[in-house]
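In what follows, a single structure is set out as structure tokens and then discussed.
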There are 2 protein chains.
Amino acid sequence: MTESDFTSILSRHGIRPTQQRIAVYKYLVSNPSHPSADTIYRALSEQYPVFSRTTIYNSLNTLVEAGLVRTVNICPEEQRFDATIDDHGHFICEKCNGIFDFDLNPEVLDKLCPEGFKFRQGDVFFSGTCPDCSR
Amino acid sequence: MTESDFTSILSRHGIRPTQQRIAVYKYLVSNPSHPSADTIYRALSEQYPVFSRTTIYNSLNTLVEAGLVRTVNICPEEQRFDATIDDHGHFICEKCNGIFDFDLNPEVLDKLCPEGFKFRQGDVFFSGTCPDCSR
DNA sequence: ATAATTTTTTGTAATCAATACAATTATTTA
DNA sequence: TAAATAATTGTATTGATTACAAAAAATTAT
Ligand SMILES: [Mn+2]
Ligand SMILES: [Mn+2]
Ligand SMILES: [Zn+2]
Ligand SMILES: [Zn+2]
């Protein structure tokens with residue numbers, strides 16, 4: 001993915017492709033580790049020391065509203081962000097703190113949702129031990 | 001459930017049945033609406049104006065550690081608490097903000113969890129519209 | 001092009017849930 | 001009954017996030 005690909009994706013989603021938004025979105029696409037706003041800020045600060053923390057928050061909120069990014073509420077202390085927006089589950093390892101994606105059939109989600117309720121988003125979170133940390 | 005029932009439940013779980021802890025646990029059992037710490041504090045303040053906010057937090061943490069209460073991370077802004085500890089899913093209605101429980105087969109959870117991962121806890125969250133708010 | 005308007009960014013201040021801490025009070029043990 | 005331990009309380013602090021207003025950048029009108 002080239003810089004101009006990101007530019008056109010942002011444009012197509014109705015938001016102005018500013019340098020800051022492109023950098024945040026590019027970081028999320030390149031780092032599918034579900035980083036926090038602060039992790040993104042510290043990482044981008046190296047390349048773009050002028051970016052402000054507030055702008056990272058603003059950009060993330062704008063990207064979420066545009067539907068390009070979604071939040072992952074697996075850690076109560078801080079929001080995590082994810083550029084993979086299609087339905088999938090998340091597993092957080094209590095030993096290495098890694099957050100792992102796993103496939104989730106949309107039909108399975110449908111089956112889990114109780115009768116009469118109309119869901120817009122479904123999330124499946126597991127916490128436990130990942131294969132590596134299980135030895 | 002009488003007062004002394006709560007007392008013995010707390011004792012059996014290895015925590016001292018203080019007036020404050022009993023009141024918090026009793027409130028959670030009687031109000032399965034997944035209240036926040038602050039909601040519990042404001043509600044109990046009427047009957048026990050001397051209880052401090054810190055003690056509500058302390059009691060909740062103690063009850064969670066004892067395995068009598070679990071946290072529900074469905075709202076990123078604040079933790080919610082639940083005295084129903086067996087596996088079940090949660091649906092939050094974006095219109096009325098109600099949080100609804102629904103049954104969740106433990107075997108279904110097992111099937112959702114990816115190969116090689118060992119989960120300690122599984123959570124299923126939906127957000128959308130509840131039957132009442134769907135008209 | 002230039003001026004006026006709108007949008008975005010920036011830095012700082014404010015918010016707010018949750019925790020840390022130390023003093024007080026209550027309970028248990030010696 | 002005294003000493004030790006545990007729990008509660010009020011206040012201070014933390015830390016993520018938002019609010020706000022000024023500055024900068026980009027867009028639109030003249
Ligand atoms: Mn993900
Ligand atoms: Mn519940
Ligand atoms: Zn791990
Ligand atoms: Zn509703």
Side-chain angles (χ1 to χ4, degrees), chain A residues 6-8 10-11 13-28 34-45 47-66 68-82 97 99, chain B residues 6-8 10-11 13-28 34-45 47-66 68-82 97 99:
Chain A
F6 292 109
T7 302
S8 57
L10 266 59
S11 293
H13 279 77
I15 60 178
R16 273 227 287 264
T18 66
Q19 196 193 10
Q20 288 81 347
R21 290 170 181 168
I22 293 169
V24 169
Y25 185 56
K26 190 176 175 182
Y27 183 86
L28 279 171
H34 312 89
S36 67
D38 197 60
T39 301
I40 300 168
Y41 170 68
R42 289 200 314 276
L44 293 183
S45 285
Q47 191 179 354
Y48 308 96
V50 77
F51 284 9
S52 80
R53 188 180 260 101
T54 299
T55 298
I56 305 303
Y57 278 99
N58 288 343
S59 299
L60 285 167
N61 288 337
T62 303
L63 290 164
V64 169
E65 278 164 35
L68 278 167
V69 166
R70 68 141 134 177
T71 58
V72 180
N73 296 324
I74 201 168
C75 316
E77 320 87 53
E78 60 183 3
Q79 296 244 133
R80 301 302 199 92
F81 296 88
D82 193 345
N97 293 311
I99 299 179
Chain B
F6 291 109
T7 303
S8 57
L10 266 60
S11 293
H13 280 77
I15 60 177
R16 265 218 303 255
T18 66
Q19 197 193 10
Q20 289 81 346
R21 290 171 182 169
I22 293 170
V24 169
Y25 185 56
K26 189 176 175 182
Y27 183 87
L28 279 172
H34 313 89
S36 68
D38 197 59
T39 300
I40 300 169
Y41 170 67
R42 288 199 316 275
L44 293 182
S45 285
Q47 192 181 353
Y48 308 97
V50 78
F51 285 9
S52 79
R53 188 179 258 101
T54 300
T55 298
I56 304 303
Y57 277 100
N58 288 343
S59 299
L60 285 167
N61 288 337
T62 304
L63 289 165
V64 169
E65 279 165 34
L68 279 167
V69 166
R70 68 141 135 176
T71 59
V72 180
N73 296 324
I74 201 169
C75 316
E77 319 87 52
E78 60 183 3
Q79 296 243 133
R80 301 302 200 91
F81 296 89
D82 195 345
N97 292 311
I99 299 179

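Chain letters run A, B, ... following the sequence lines, proteins first, then strands; residues in each count from 1. Keep in mind that what you see is a predicted model, and the values were worked out from it rather than measured.
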Might you list the N or O atoms of the protein lying below 3.5 Å from N or O atoms in nucleotides 12-17 of chain C, with each pair's distance?
unit_1 : atom_1 : unit_2  : atom_2 : d
C:dT12 : O4     : A:Thr54 : OG1    : 3.1

Nucleotide N/O to protein N/O under 3.5 Å, stretch nucleotides 4-6 of chain D:
unit_1 : atom_1 : unit_2  : atom_2 : d
D:dA6  : O4'    : B:Arg16 : NH2    : 3.4
D:dA6  : O3'    : B:Arg16 : NH2    : 3.4

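For C:dT19, one of the phosphate oxygens OP1 or OP2 lies less than 4.0 angstrom from a side-chain nitrogen or oxygen of B:Asn61. OP1 or OP2 of C:dT10 sits under 4.0 Å from a side-chain N or O of A:Thr55. Taking 4.0 angstrom as the limit, B:Gln19 places none of its side-chain polar atoms (N or O) nearer than this to OP1 or OP2 of D:dA7.
With sequence neighbours excluded, the residues forming a ring-ring contact (aromatic ring centres under 6.0 Å, His included) with B:Phe6 are B:Tyr25, listed by chain and number. In this view, B:Glu78 and B:Arg80 satisfy the salt bridge (Lys or Arg N to Asp or Glu O under 4.0 Å) rule, not counting sequence neighbours. Among residues two or more places apart in sequence or in another chain, the side chain to side chain contact (heavy atoms under 4.5 Å, CB included) test is passed with B:Thr55 by B:Gln20, B:Ser52, B:Ser59. With sequence neighbours excluded, the residues forming a side chain to side chain contact (heavy atoms under 4.5 Å, CB included) with B:Ala66 are B:His13, B:Ile15, listed by chain and number.
Summarising the geometry, the separation between CG on B:Asn58 and C1' on C:dC21 is reported as 12 Å, rounded to the nearest angstrom. Between the CD1 atom of A:Ile15 and the P atom of C:dT8 there is a distance of 9 Å, given to the nearest Å. Regarding A:Ile56, its CD1 atom lies at a distance of 15 Å from the C1' atom of D:dA16, rounded to whole Å.
With C:dG11, D:dT8, D:dT17 as the choices, the nucleotide that has an atom nearest any side-chain atom of B:Ser59 turns out to be D:dT8. Side chain of B:Ala37, nearest nucleotide from C:dA18, D:dA7, D:dT9: C:dA18.
To the nearest 0.5 Å, the span separating CG on B:Leu44 from CZ on B:Phe51 amounts to 6.5 Å.
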